[in-house]
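Note that the numbering runs from 1 along the sequence shown for the chain.
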Amino acid sequence: MNWYLDVLKKYAVFDGRARRKEYWFFFLFNIIISMILSAIDGLTGSFNPETGVGLLGGIYTIAVLIPSIAVSVRRLHDTGRSGWWLLIGLIPLIGTIICFVFMVQDSESSENEYGSNPKGFRA
């Protein structure tokens, strides 16, 4: 849970680096929270089948949009890439696969132009 809260504390921090662990735990907690909110939206009748989003889910999505982009940019920085590479995800299917590959890659072991290794050691 601390990984999730740490990302929210860095709400709009786009510089620096983020470890895989930080990115994927934030991603996991987003999925879990979204599923819970979707269930609540379904039970309360605020779920709209046309849009696929309910009231609580929509508010939550808007609330974590900036932190999600920020942690993704920091994750790309950790692999030695510019945050602009995130835009490749706009290409249907292929872009999503490329982004996924970038996000699962290991950190650059040494300091790069975006900062020191968040793991705290050098190879």
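The shortest distance between side-chain heavy atoms of V64 and Y4 falls below 4.5 Å.
Listed here is the closest heavy atom pair of A63 and P67: O-CD, 3.7 Å. Minimum interatomic distance between V73 and G83 (heavy atoms only, all atoms of both residues): CG1-CA, 3.8 Å.
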(request) Given side chain to side chain contact (heavy atoms under 4.5 Å, CB included), test R75 with V71 step by step and report yes or no. (result) CA-CA 6 Å; R75 179 71 200 124; V71 75; 5.7 Å; no
(request) Evaluate the criterion side chain to side chain contact (heavy atoms under 4.5 Å, CB included) for residue pair Y114 and D78; output intermediate values, then yes/no. (result) CA-CA 7 Å; Y114 304 106; D78 196 40; over 6 Å; no
(message) For L56 and Y60: C-alpha separation, side-chain torsions, deciding distance, then whether side chain to side chain contact (heavy atoms under 4.5 Å, CB included) applies.
(response) CA-CA 6 Å; L56 294 176; Y60 178 75; over 6 Å; no
(message) Is there a side chain to side chain contact (heavy atoms under 4.5 Å, CB included) between F14 and I66? Walk through the geometry before answering.
(response) CA-CA 10 Å; F14 292 89; I66 303 279; 4.2 Å; yes
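The hydrophobic cluster containing I31 also contains I69, counting ILVMFWY residues as joined when their side-chain heavy atoms lie under 4.5 angstrom apart, directly or transitively. M103 and L87 are not part of a single hydrophobic cluster, where members link through side-chain heavy atoms under 4.5 Å apart.
Checking side-chain atoms of R81 against main-chain N and O of L76 turns up no donor-acceptor pair under 3.5 Å. Proximity of a side-chain donor or acceptor of R19 to a complementary backbone N or O of P118 within less than 3.5 Å is not detected. Listed for the R17 side chain is a donor-acceptor partner under 3.5 Å among the backbone atoms of E108.
The distance from atom CD1 of I88 to atom CD1 of I97, rounded to the nearest 0.5 Å, is 11.0 Å. Between L90 atom CG and L86 atom CG the span is 8.0 Å, to the nearest 0.5 Å. Atom CG of residue L37 and atom CD1 of residue I32 lie 12.0 Å apart, to the nearest 0.5 angstrom.
Residues F26 and W3 place their aromatic rings such that the two centres sit no closer than 6.0 Å.
When the shell of 6.0 Å around CD1 of I94 is examined, it contains 12 or fewer heavy atoms from other residues, nucleotides or ligands. Heavy-atom contacts from other residues, nucleotides or ligands closer than 6.0 Å to CZ of F29 number more than 12.
Checking S107 against N117 by side-chain atom types alone, no donor-acceptor pair falls below 3.5 Å.
Relative to the ring axis of Y23, R74 does not place its NZ or CZ within 45° and under 6.0 Å from the centre.
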